[in-house]
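Only one structure is covered here, and it is reproduced in the block below.
So you know, we letter chains A, B, ... as the sequences are listed, proteins then strands, and number each from 1.
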Amino acid sequence: MPSGDGFSLSNWPLFRQLKQRDLFGLEQTAASPRTEALTARTASADRIVPSICPYCAVGCGQLVYVKNEKIIDIEGDPASPISRGCLCPKGAATFQLVTGSHRVQHVLYRRPHGKEWETVPLEQAVDMVAERVKRTRDETWEGTDEEGHPVRRTMGIAHLGGATLDNEENYLIKKLFTALGIVQIENQARV
Amino acid sequence: MAECHPVGFRWVMEARERGATIIHVDPRFTRTSAVANIHVPIRAGSDIAFLGGIVRYIIENERYFRDYVVHYTNAPAIVSAEFQDTEDLDGLFGGWDEETGQYHKKAWRYEGADPEPAAGVKESDEEGQPIQHNPFQAGHSDPTLQHPRCVFQILKRHFSRYTPEMVEQTCGIPKSLFLKVAETLCRNSGRERTSAFCYAVGWTQHSMGVQYIRTAAIVQLLLGNIGRPGGGILALRGHASIQGSTDIPTLYNLLPGYLPMPKAKQDKDLATYLARNTSPSGWWGEFPKYFVSLLKAWFGEAATKENGWCYDYLPALTGDHSHMNTVVNMADGGVKGYFVMGENPVVGSMNGPLHRKGLRQLEWLVVRDFSVTETADFWRDAPEIERGEIRTEDIGTEVFFFPAAAHVEKDGAFTNTQRLLQWHYKSVEPPGDAASELDFIYKLGLRLKKLYAEEYGQPRNRPIRDVTWDYPLEGPKREPKAEAVLREINGYTVADGKPVEGFTSLQDDGSTACGCWIYSGCYRDGHNMAARRKPHWEQNWVAPEWAWAWPHNRRLLYNRASADPEGKPWSDRKKLVWWDQEKGEWVGYDTPDFIVKRPPWFHPSKDACGKDTIGGTDPFVMQADGKGWLYAATGLQDGPLPVHYEPQESVVKNPLYGQQCNPERVEWWRKDNPYHRAYDDPRFPYVITTYRLTEHHTAGAMSRWLSWLSELQPEMFCEVSPELAAERGLKNGGWATIRTMRAEIEARVLVTGRMRPLRIKGRLVHQIGLPYHWSTKGLARGDAANDLIGFVADPNVSIQESKAFTGAIEPGRKSRRRSAAISGPPVREIDPKRWQRDLPPARRKPESQHSFKAGESKKEH
Ligand code: SF4
């Protein structure tokens, strides 16, 4: 609405709308000098890192905007022939997925019969897991099956997961676990 | 597709803008149906009857693409005289063995030949006998398709009973609607046009899941829609790298690149393993090169010709060690330690209470995720704990939760649903102790090498000593370099460590190492091909320079079929790859998926072997005979042709055959996994199906904590039709309790005309829709739909049947969240003798380790 100070007819929105044939005031006439001075949050990024949506298997392209070593936004990548800049609601929520407060930052440990989680240092936790793998593997090792065929394995350890991981990660999981003699290795591809 | 793969669906919409017809077949009217030209409501679990009807329509009305069918499929092949069809045996094929409860697959073979299945004998061997190795020559074939035992005539007879009337009675699809679909599909196929099938993987989640896809393949081969632009059967998979985790499998039965894991009984040494898996004809003749290169990549210098490339470092299989068997093994105390990485099985897998029962028996559990999932917290946050049936302090499992790095905090490649390896870069360091799985596994491997260092004298520890584990480290946390792993996956020459150009460079003499032969070429010349991001506007519509597709950057598999037998495009409109006479090679918009210099007129010599047997008109190079298989003479457990069987739990008796269910289905007869009657169970009168929503992701760990998404889909609900709501007194917005023999859950009611009761043989069949994203954690919570579902599986790939089962519904919050696995069945048992699902010959079911191949057994756990 026009206000007392500095009112001029040419600045009056209705006049501008009529003049610029923008009857509903939804186009350029709606912009104030303030709007015009605004820039996208992404414009201030120090770098833009190419990425891929972590949700479904369409594989839409993402661009990760980083400022001061923090992610400030994640947007669709217009260059991708698959998605041409689009993301669906999940892909568009990736920023919250990776920066949200739900992300746990410490290793948690629940001792047998314990009622609460405790925190343990990362290095110690990996040591503990390695010891358990060795103990279980040694205790449950099968050299041959009931008919005497060599099987060289442990049925005491199993793994699940992979479809949300990278190929390189699946590769190392399969390689290490197979070398350990673990055969019950599975992921969402069958679930 | 609009719901689960929204951005993929934009291309469907674009096609519609250009005149394409979209047909949506789904029990529910969804966001996809809303923009489709035709919506076909179907009874969940009846898809083979529907597609079988289309096969019949194509054949009876002579709408098949004759030139394509004669030259590129096995339609002319003649099948052995001993073959007996389900037509002859009321729903069983010939070869049923009452003792083993399985088929003898030899009863289905071609006359005078034993073709190899696509990947050697890995899934088809029976009785531990190596399959006879005859290169398949089409010596016994009839290109006129008239011979009564040629595949085409067998197909015609087999599907003759799948009439439009039968489709209507089985699927609840009105005859006129069915005919409209069949005609639309036929009209849109041929030289000038192609049609595509798109499915999400719920389509495979049936006790005959593999045969669902096979039926679609038969339709597409008959119509000439495979290997051609705009054609195909497109599996739209649910996770960012679910394709990658199949190619580089975290799966029990495979090694990278679809090489089978050794089987204890059959593959006693390297020579036997190679002989059993090397196909005498077709591309699998190259098998030894890929296998030896894999062992070189894994065991490096230790792998020598003399020690069989460390073949005896590999563990061996003795049966089905897939997920559901693992869980049952766990519940029975056999599994002591369990790793779960980026998966939430107590919500995402069937019969969650049985999963938790398994977790309680473990000595230790390691979960890696962004936040504490229901799987990690099973010992204090679960219905049975809340109900006081189980006490936290009585659970002895030790649990480790490791925070995981997100995709933006690590380098690596996802393989998307179209086989495209796409690289994502690390943009920031992971927060706190969060680390990538790459880092975790690498460091765990180092620790184990150290722990075992003193015990390397024992043969069983040598694989740990010798497994190659030197990766360059980088960054402040000294993490392994993902590109170095990619280089190993790509393969290199052992002598100089140079990345190989592709799988054609691999050798079986130990001179090359390669972690996954089908990915070979993704790091050619030391360039990370998966990281290529040339904008689409700077290249042709195939966009070959965006990322990298396996194999060899071919975007459309079997694209030799896009040209006619002479090598000319079938039509200008559908041109993709063709023979260039001047250059003497195959050329086109896409990389040809064929031997580039092999001319269309090439005929293999009589004594040819391996890839030299691939003729110029054999587009399907991975098959032993180079043809698309309408009839699968080998490779499948449950029959060479698809057959409509009812799901394990159905509301109707099988309208087509006396045999009610897939006779080879896998069952788990246990008190913690009870089944309903095969049909007409008065306690469970409704069909239930489960599904996903745009706003959530599978088991919810990646979406239920996000306010932006939770706001859009805030809680668990069930979808019912106004008719069912009236019948059961359900109120929109009110509560309902849904019950099966496995469990009971509650959900808000959504009464909607989008759910439509179907009329089947004059009777109304109601279907209930349940999304399965929720459980006890996150901002948006609700009961887990998968708790309702029992363990039953397809015999070929052990996929669970989760998209069609039966149940009951009543108004109100009456669920006490009881489950069979803990509280006993929530509904009274009725005499299992009245449950017959099988014809008399198929009733005896021998037990395997934890499951039953099929049928009814008295043994209870
Ligand atoms: S943005 Fe949506 S459609 Fe695209 S990959 Fe992510 S989840 Fe799939």
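- Residue contact with chain B, scored on non-hydrogen atoms closer than 4.5 Å, involves the backbone of A/Pro150 exclusively.
- Contact of A/Val151 with chain B is made through backbone and side chain together, with heavy-atom distances under 4.5 Å.
- For A/Val49, the part sitting under 4.5 Å from any heavy atom of chain B is the side chain, from C-beta outward, and nothing else.
- The closest side-chain donor-acceptor pair between B/Thr250 and B/Ser245, if any, does not fall under 3.5 angstrom.
- For A/Ile48, no part sits under 4.5 Å from any heavy atom of chain B, backbone or side chain.
- Heavy atoms closer than 4.5 Å to chain B are found in both the backbone and the side chain of A/Gln62.
- Only the side chain of A/Thr136 comes within less than 4.5 Å of a heavy atom of chain B; its backbone N, CA, C and O stay farther away.
- Of the listed residues (B/Ala484, B/Ser707, B/Ala547), the greatest number of heavy-atom pairs within a distance under 4.5 Å of chain A belongs to B/Ser707.
- For A/Arg47, the part lying near chain B is the side chain, with the backbone staying farther off; criterion is any non-hydrogen pair under 4.5 Å.
- Both the backbone and the side chain of A/Asp127 have a heavy atom closer than 4.5 Å to some heavy atom of chain B.
- Ranking A/Thr144, A/Thr154, A/Asp77 against chain B, the residue ahead of the rest is A/Asp77, based on heavy-atom pairs under 4.5 Å.
- Annotation: maximal heavy-atom pairing with chain A below 4.5 Å, among B/Val366, B/Val467, B/Asp247, occurs at B/Val467.
- Of the atoms belonging to A/Thr94, it is side-chain heavy atoms, and not backbone ones, that fall under 4.5 Å from chain B.
- Of all the listed residues (A/Ile173, A/Val120, A/Thr140, A/Leu87), the one sharing the greatest number of non-hydrogen pairs under 4.5 Å with chain B is A/Ile173.
- Residue A/Glu146 does not touch chain B at all, counting heavy-atom pairs closer than 4.5 Å.
- Most heavy-atom pairs under 4.5 Å with chain A: of the set B/Ile441, B/Asn416, B/Leu251, this distinction falls to B/Leu251.
- Taking chain B as the reference chain and counting heavy-atom pairs below 4.5 Å, the highest number among A/Gly162, A/Gly59, A/Ser51 is found for A/Ser51.
- When only modelled atom types and interatomic distance are considered, B/Asn325 and B/His321 share no side-chain donor-acceptor pair under 3.5 Å.
- Figure legend: cation-pi geometry between A/Arg152 and B/Tyr313 absent, as NZ or CZ is not positioned both under 6.0 Å from the six-membered ring centre and within 45° of its axis.
- Around atom CZ of A/Arg21, no more than 12 heavy atoms belonging to other residues, nucleotides or ligands sit under 6.0 Å away.
- Proximity to chain B involves both the backbone and the side chain of A/Thr178, based on heavy atoms less than 4.5 angstrom apart.
- Residue A/Val64 touches chain B through its side chain alone, counting heavy-atom pairs closer than 4.5 Å.
- Residue A/Phe177 touches chain B through its side chain alone, counting heavy-atom pairs closer than 4.5 Å.
- Ranked by heavy-atom pairs shorter than 4.5 Å toward chain B, the options A/Ile71, A/Leu165, A/Val98 are led by A/Leu165.
- Looking at A/Gln96, both its backbone and its side chain come within 4.5 Å of chain B, counting heavy atoms on both sides.
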